[in-house]
Protein chains: 2
Amino acid sequence: MDKKEITIYDIAQEAGVSPATVSRVLTKNAAVSPAKREAVEGLIRKYKFRPNAMARSLSDTKTKILGLLVADIRNPYYAALSVACEEAANQQGYTVMLCNALSDNRLEDSNLEKMYEQRVDAVIQIGCRADDLVSDSAYAAHVNRISRTIPFITTGKLDGTDCYRLNIDDVASMRMIFEYLTSLGHRRIALLGGQKKIQSTYDKWQQYIYLMGKYELTFHEAYLQEGDYSEKAGYRCMLELLELKKPPTAVIAVNDFTAVGALKAAAEKGVQVPRDISIISFDNTFLSEISTPKLTSVDYNYAAFGQRLIEIAVKAIQNQKIPKEQLVTPTLVIRDSCTQAQER
Amino acid sequence: MDKKEITIYDIAQEAGVSPATVSRVLTKNAAVSPAKREAVEGLIRKYKFRPNAMARSLSDTKTKILGLLVADIRNPYYAALSVACEEAANQQGYTVMLCNALSDNRLEDSNLEKMYEQRVDAVIQIGCRADDLVSDSAYAAHVNRISRTIPFITTGKLDGTDCYRLNIDDVASMRMIFEYLTSLGHRRIALLGGQKKIQSTYDKWQQYIYLMGKYELTFHEAYLQEGDYSEKAGYRCMLELLELKKPPTAVIAVNDFTAVGALKAAAEKGVQVPRDISIISFDNTFLSEISTPKLTSVDYNYAAFGQRLIEIAVKAIQNQKIPKEQLVTPTLVIRDSCTQAQER
DNA sequence: ATGAAAGCGCTAACAC
DNA sequence: GTGTTAGCGCTTTCAT
């Protein structure tokens, strides 16, 4: 717990070279004669020397750290995407600094400050206030202040700001779902959970209504059950749906949590899924896989999603020209929660 | 995306004071006359100046960063504990640097290196190789090399190393479970999932066997179903148990995932939980809350657990004297998955 | 209370 | 190729 840190000066001295030479073998940015290189490398191994990242960053003004601000890592969706980002970042030689917003605006702000103090090379924001349909202007200002200095990437909306956006194509998801459900003969389709004030949910609602029309299905106000994103909300909304005189034959849950809640409500009411009612969800987290029955769910290919996020960040850091807005195309993973519509 | 960074020199100049004075108002480590302090603070606000954390760390050799190495943040147990740590760390003025080991030893090692390069003030390790019953000696050496310089805290075993341990009291958990189950009249109790090579599981097994004796229950080899920690394993092991001529009336699942798998197996076999068989689990993650039925589970009070971890780290950093080994006492959260044993 | 100056450990011109 | 030197932005003696 003491033992002073070894530096490039120590290495240089013992190797009989200058600190610059040691630095050169460390960064590989310049040629060094094989003899000296080996001498230095030997000592590095001998002392298990690791350069001080602080000093390095201070000197070259690049930290090789990417700030990752997520809503709540305890949510499997964010966890999946975060890990994907961490892996992709590692591959590109970057480290991730992960912070949770936890629905606390002050925390979110202070974490943003922290990232800035840490001089991260870019910040990637997933979830949090960036998802709001109407962006808080004070927040937008905060983001803009940061995005003037470093690239800012979001999976949300954040309008009024100058940042890169990589959004899930919710419209395409909904289209896919309708194609699938109608192909199974469903005509009474409900949409469960989510809040209109969240951009992605808003888009889903719009598209849901549009598609109901397009497929000539009769739109029922009661089939649109607003809730939040929790299992509890899914449970509650599903009960409402089941109590309707004409309950839907298929329900689209806004995420896996609400789908699990819906499953619980159905089980309690003696309604079998998928025999009596089909359920389909968004996100395809591990919950889809472990629920009973397993959920048919919209997947975003987290590995690729994370990679693209990191790729945008890295290119932006390098000042490469990249589009400000991009989409990730979802995919439908078919499991056991949907089946042919039954006449009832 | 350009705009040069503002520094304490800029602030000092405009305020007509020396950089040292600006530093003093920043750190609050020394007295500054009210007039100058206000002038400086005004400019800090005006420019929204944030000191460069790299420079600061370089200078005072404290980064105020805690390295958090976890097995896999996608696992709700680790997610819960990590968030608790992050919150506690924030409260103490520390930032957390979170890395996943992902069951990849090379990744784990390189993440440890990364933390060292980043000169974190301490590393806290949760899960990963630290959990192994018999610690890998090369790994122990690696840890020791680090723990000579900075405090190392683990929730695992890691013997042969000099680090602080905060372990869950698995023996107490098991005792609690037995008290509860036997009070419900259960005498045929199985233990499902987990691998003996993992310390905490090994301890659970030992205690299980001991308690079977103590309560004068007949120990059945087949009631000890080794598996891993996945839902799949829980499912498979539960099927085995249900096929026994004398199946258990209660099963203790090693964690929530295996319990969920067991639930699924039971449902499939038409065995009702808890009417026909009781299930109890460890970890009390959100899965216990959303499963059907809700699981009775052993809880660790994540908030307090995380706080203690951080507290140990912080005290160790300050060279305060603290015990090398401590325990966290679990608690039983009773929900709907256990009931009175039925004669069958 | 305040300023000057040294130094934290490294990188990157700049000479040779 | 290699060494010398000047920072990177901050904190902290040490004087005053």
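Keep in mind it's a predicted model, so treat the numbers as computed, not measured. Residue numbers start from 1 in every chain, and the chains themselves are labelled A, B, ... in the order their sequence lines are given, proteins ahead of strands.
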### Task
Looking only at side-chain atoms of B:V17, point me to the closest of D:dT11, D:dG9, C:dG3.
C:dG3
### Message
Among C:dA1, D:dC10, D:dG3, which nucleotide has an atom closest to any side-chain atom of B:F49?
### Response
D:dC10
## Note on the structure
Closest heavy-atom pair, A:T154 versus A:C163, reported as atoms and distance to 0.1 Å, is CG2-SG, 3.8 Å
### Query
Any sub-3.5 Å donor-acceptor pair from A:D121's side-chain atoms to A:K64's backbone N or O?
yes
What protein N or O atoms touch nucleotides 13-16 of chain C N or O atoms at under 3.5 angstrom, if any, and at what distances?
none

Euclidean distance, atom [atom1] of residue [X] to atom [atom2] of [N] [Å, nearest integer]:
X      : N      : atom1 : atom2 : value
A:N52  : D:dC10 : CG    : C1'   : 14 Å
A:D60  : D:dC8  : CG    : C1'   : 9 Å
A:Q13  : D:dG3  : CD    : C1'   : 15 Å
B:E117 : C:dC8  : CD    : P     : 20 Å
A:M54  : D:dG7  : CE    : P     : 24 Å
B:E38  : C:dT2  : CD    : P     : 12 Å
B:I8   : C:dT2  : CD1   : P     : 15 Å
B:Q118 : C:dC10 : CD    : P     : 13 Å

### Message
Does the structure place the NZ or CZ of A:R50 under 6.0 Å from the centre of the six-membered ring of B:Y116, at an angle of no more than 45° from the ring's axis?
### Response
no
### Query
Which word best sums up how the rings of A:Y300 and A:Y302 line up, parallel for under 30°, tilted for 30 to 60°, or perpendicular for over 60°?
perpendicular
### Message
At 4.0 Å (heavy atoms only), tell me whether B:T27 reaches a base, stays on the sugar-phosphate, or touches nothing.
### Response
sugar-phosphate
### Query
With sugar-phosphate meaning primed atoms plus P, OP1 and OP2, does B:T7 contact a base, only sugar-phosphate, or nothing at under 4.0 Å between heavy atoms?
sugar-phosphate
### Task
Give a yes-or-no answer on whether the side chains of B:Q125 and B:E108 include a donor-acceptor pair shorter than 3.5 Å.
yes
### 5' priority, DNA chain C, between A:L58 and B:S33 [closest heavy atom]
B:S33
### Message
Taking the basic N atoms (NZ, or NE/NH1/NH2) and the acidic carboxylate oxygens, is any pair closer than 4.0 Å for B:R106 and B:D104?
### Response
no
### Message
Are B:Y94 and B:I65 packed together at the side-chain level, in the sense that at least one heavy-atom pair is separated by less than 4.5 angstrom?
### Response
no
#### Entry: Base D:dC8 to side chain B:Y9, donor-acceptor N/O within 3.5 Å cut-off
no
### Query
Is there a donor N/O on one and an acceptor N/O on the other, under 3.5 Å, for the side chain of A:S59 and the base of D:dG7?
yes
Can you tell me if the side-chain N/O atoms of [X] get under 4.0 Å from OP1 or OP2 in [N]?
X     : N      : value
A:T21 : D:dG3  : yes
A:N29 : C:dA12 : yes
A:K62 : C:dT11 : no
B:S18 : C:dG3  : yes

### Query
Hey, what do you get for CD1 (A:I124) to CD1 (A:I310), rounding to the nearest 0.5 Å?
3.5 Å
